[in-house]
Amino acid sequence: MEYRNLGRSGLKVSTITMGTMTMGGKGWASMVGSQGVDEARRLIDMCLDAGVNLIDTANAYSAGASEEIIGEVLGGKRKNDVLIATKARFPMGDGINNQGLSRHHLIRECEASLKRLNTDVIDLYQVHQWDGQTPLEETMAALDTLVQHGKVRYIGCSNFSGWHIMKAMGISASDHRHRFVSQQIHYTLEAREAEYELLPISIDQGLGVLVWSPIAGGLLSGKHRRNHTPEGSRQAAGWTEPPIRDVDRLWTIVDALIEIAESRGVSAAQVALAWLIGRKPVTSVIIGGRTEEQFRDNLAAADLKLTDEERGRLDAVSAPPILYPYWHQMQTAAERLGEADLSLLGPHIAKA
């Protein structure tokens, strides 16, 4: 397992992070999974034994049950120096103030998460999504307070747009607050929109990148084919996140993944994950699953190194549409990597 610094911080995290949305099985999360304590313990031990040192969760996963299960499994002890990341933003009750990124909600939910996780400190506290009704100055001040009080060590954002991030970074600088060290984004071979702004911003601002749903909810696992949805999958149950906007392109990508995987004697999921792990500035990919077999397969991606030819083929079949208004921003960020690494941010940059 390789370890990388999380953005400009000194914190080192494994290139694979354990995702826990499948734990608890309450509410909407039941469509994804319903692991209890015993099963979660086996999966967590498996990930830690493989070298994973970061577990990612959120208060909204199964209405807090995911955090409770992690807290019970770890038992207040930090096994092998495992790091815990969680998030807050979404509703945690029916009250008018039980959601959002206000000082009231963030501080209360952080304290609730600490209790559920059975820990004194959260290593990475992430705002789960933008809140357009709360002044960002209030949000950043609340996060800074949590760090100052020792309840949180680092802060990050999730599902922010480029201007959201830059506004937050500007406020942190002007108000002398703690800054985000990372952003959690959706980024896959099928969805490469992050290359237009989010990845260049990460390079420019020194943000770590954590990738959620790196195999597109299982669609890039090789088990889904044209006109075939596996029985028992989340898609078969009606799950539609993340959305697929070009179905033909998706299956072209899947075909390439399967061919490369078969030639290497590995799974298509491992190839998709290895492609991401090799992209700058990705820090870690968050894997999840319902079974030990799925986790074991995904964990093996940490040791898979794709050839330049394999990467080139995947880059070509997954190339996103060129959005010309953004090319100059991409070029500026790419230059920070050096001319030899321009292709790491997508083939459309070199063309621009």
S.K.: Would a distance-only check, ignoring hydrogens and angles, find a side-chain to backbone donor-acceptor pair under 3.5 Å from Ser182 to Leu6?
M.R.: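 No; judged by distance alone, with no hydrogens or angles, the pair does not exist.
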S.K.: Below 30° counts as parallel, above 60° as perpendicular, anything between as tilted: where do the rings of Trp275 and Tyr187 land?
M.R.: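 Tilted.
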S.K.: Can you tell if the side chain of Thr15 reaches within under 4.5 Å of the side chain of Met1, non-hydrogen atoms only?
M.R.: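 In contact.
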S.K.: Got a salt bridge between Asp38 and Arg41, using NZ or NE/NH1/NH2 to carboxylate O under 4.0 Å?
M.R.: yes
S.K.: For residues Ala301 and Leu273, report the shortest heavy-atom separation together with the two atoms involved.
M.R.: CB-CB, 3.6 Å
S.K.: If only atom types and distance count, is the side chain of Ser62 paired as donor or acceptor with the main-chain N or O of Met23 below 3.5 Å?
M.R.: yes
S.K.: Can you find a heavy atom in the side chain of Asn98 that is under 4.5 Å from one in the side chain of Pro91?
M.R.: no
S.K.: Would a single hydrophobic cluster contain both Val121 and Ile84, if residues Ile, Leu, Val, Met, Phe, Trp and Tyr are joined by side-chain heavy-atom contacts under 4.5 Å?
M.R.: no
S.K.: At what distance, to the nearest 0.5 angstrom, does SG of Cys157 lie from CG of Leu207?
M.R.: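 The SG atom of Cys157 sits 6.5 Å away from the CG atom of Leu207.
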S.K.: Taking the side chain as everything from C-beta on, heavy atoms only, tell me whether Leu199 gets closer than 4.5 Å to Pro281.
M.R.: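 Result yes, sub-4.5 Å side-chain heavy-atom pair found.
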S.K.: Minimum heavy-atom separation for Ala168 to Phe180, with atom names?
M.R.: CB-CE1, 3.5 Å
S.K.: Under the side-chain hydrogen bond (donor to acceptor under 3.5 Å, both in side chains) test against Trp212, which residue among Thr188, Asp56, Asn159 passes?
M.R.: Asn159
S.K.: Contact between Gln270 and Asp297 at the side-chain level, heavy atoms closer than 4.5 Å - yes or no?
M.R.: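 Counting from C-beta outward, Gln270 and Asp297 do come under 4.5 Å.
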S.K.: Can you tell if the side chain of Leu189 reaches within under 4.5 Å of the side chain of Leu314, non-hydrogen atoms only?
M.R.: yes
S.K.: Do side-chain atoms of Arg249 reach the backbone of Ser318 as a donor and acceptor pair under 3.5 angstrom?
M.R.: yes
S.K.: Look up atom CD1 in Ile286 and atom CD1 in Ile215, then write down how far apart they are to the nearest 0.5 Å.
M.R.: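 These two atoms lie 13.0 Å from each other.
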S.K.: Check Asn59, Thr86, Thr57 against Ser66 for a side-chain hydrogen bond (donor to acceptor under 3.5 Å, both in side chains) and give me the one that passes.
M.R.: Thr57
S.K.: Are the side chain of Asn53 and the backbone N or O of Val82 linked by a donor-acceptor pair below 3.5 Å?
M.R.: no
S.K.: Between the main-chain N or O of Gln99 and the side-chain N or O of Arg89, is there a donor-acceptor pair closer than 3.5 Å?
M.R.: no
S.K.: Indicate the atoms forming the closest heavy-atom contact of Phe160 with Gln129, along with that distance.
M.R.: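 Minimum heavy-atom contact is CE1-C, 3.6 Å.
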S.K.: Would a 4.5 Å heavy-atom cut-off, applied to side chains only, mark Val254 and Leu219 as touching?
M.R.: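 They are not in side-chain contact.
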S.K.: Tell me which one of Val127, Leu136, Leu143 satisfies side chain to side chain contact (heavy atoms under 4.5 Å, CB included) with Leu101.
M.R.: Val127
S.K.: Check whether more than 12 heavy atoms from other residues, nucleotides or ligands sit under 6.0 Å from atom CG of Asp81, and answer yes or no.
M.R.: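 It does not: Asp81 CG has 12 such atoms or fewer within range.
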S.K.: Measure the CG-CG distance between Leu48 and Leu54 for me, rounded to the nearest 0.5 Å.
M.R.: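 Between atom CG of Leu48 and atom CG of Leu54 there are 10.5 Å.
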S.K.: Could you check whether Glu262 pairs with Arg264 (Lys NZ or Arg NE/NH1/NH2 to Asp/Glu carboxylate O, under 4.0 Å)?
M.R.: no
S.K.: Taking all non-hydrogen atoms of both residues, which atom of Val52 and which atom of Leu299 are closest, and how far apart?
M.R.: CG2-CD2, 3.7 Å
S.K.: Please check this pair: side chain of Asp131 against backbone of Gln133, looking for a donor-acceptor N/O pair closer than 3.5 Å.
M.R.: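 Yes, because the side chain of Asp131 sits within donor-acceptor range (under 3.5 Å) of the backbone of Gln133.
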S.K.: Please step through side-chain hydrogen bond (donor to acceptor under 3.5 Å, both in side chains) for the pair Asp255 and Thr252, ending with a clear verdict.
M.R.: CA-CA 5 Å; Asp255 289 342; Thr252 299; 5.4 Å; no
S.K.: Whether Arg42 and Glu39 form a salt bridge (side-chain N of Lys/Arg under 4.0 Å from carboxylate O of Asp/Glu) is what I want to check.
M.R.: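 Result for this pair is no, no salt bridge flagged.
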S.K.: State, to 0.1 Å, how close Gly100 and His105 come at their nearest heavy-atom pair, and which atoms those are.
M.R.: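 Shortest heavy-atom separation between Gly100 and His105 comes out as O-CD2, 2.9 Å.
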S.K.: Glu109 and salt bridge (charged side-chain N to carboxylate O under 4.0 Å, His left out): which partner among Arg103, Lys151, Lys115, Arg116?
M.R.: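 When Arg103, Lys151, Lys115, Arg116 are each tested with Glu109, the salt bridge (charged side-chain N to carboxylate O under 4.0 Å, His left out) holds only for Arg116.
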S.K.: How close do Gly289 and Thr22 get, counting heavy atoms only, and between which atoms?
M.R.: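 Closest approach of Gly289 to Thr22, heavy atoms only: O-OG1, 3.3 Å.
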S.K.: Nearest 0.5 Å please: distance from the CD1 atom of Ile260 over to the CZ atom of Arg313.
M.R.: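 Answer rounded to 0.5 Å: 5.5 Å.
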S.K.: Take Arg108 and Glu111 through the test salt bridge (charged side-chain N to carboxylate O under 4.0 Å, His left out) and record every step on the way to the result.
M.R.: CA-CA 5 Å; Arg108 184 172 67 177; Glu111 292 171 347; over 6 Å; no
S.K.: Can you tell me how far OG of Ser202 sits from CG of Asp204, rounded to the nearest 0.5 angstrom?
M.R.: 9.5 Å
S.K.: Would a distance-only check, ignoring hydrogens and angles, find a side-chain to backbone donor-acceptor pair under 3.5 Å from Thr17 to Ile55?
M.R.: no
S.K.: Is it the case that one hydrophobic cluster holds both Ile96 and Leu106, taking links as side-chain heavy atoms less than 4.5 Å apart, direct or via other members?
M.R.: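 No.
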S.K.: Given Gln126, which of Gln184, Lys87, Gln183 fulfils the side-chain hydrogen bond (donor to acceptor under 3.5 Å, both in side chains) condition?
M.R.: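 Filter result, single survivor: Gln184.
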S.K.: Quick one: CD on Glu68 to CD1 on Ile70, what's the gap to the nearest 0.5 Å?
M.R.: 10.5 Å
S.K.: Would you say the side-chain atoms of Gln148 pair up with the backbone N or O of Asp144, donor to acceptor, closer than 3.5 Å?
M.R.: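 Flag not set: sc Gln148 to bb Asp144 has no pair under 3.5 Å.
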S.K.: Going hydrophobic residue to hydrophobic residue with side-chain gaps under 4.5 angstrom, can you get from Met92 over to Phe90?
M.R.: no
S.K.: Is the backbone of Ile287 close enough, under 3.5 Å, to the side chain of Asn298 for a donor and an acceptor to pair up by distance?
M.R.: no
S.K.: Would you check if the side chain of Thr307 reaches a backbone N or O of Glu310 as a donor-acceptor pair within less than 3.5 Å?
M.R.: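 Such a contact is found between Thr307 side chain and Glu310 backbone.
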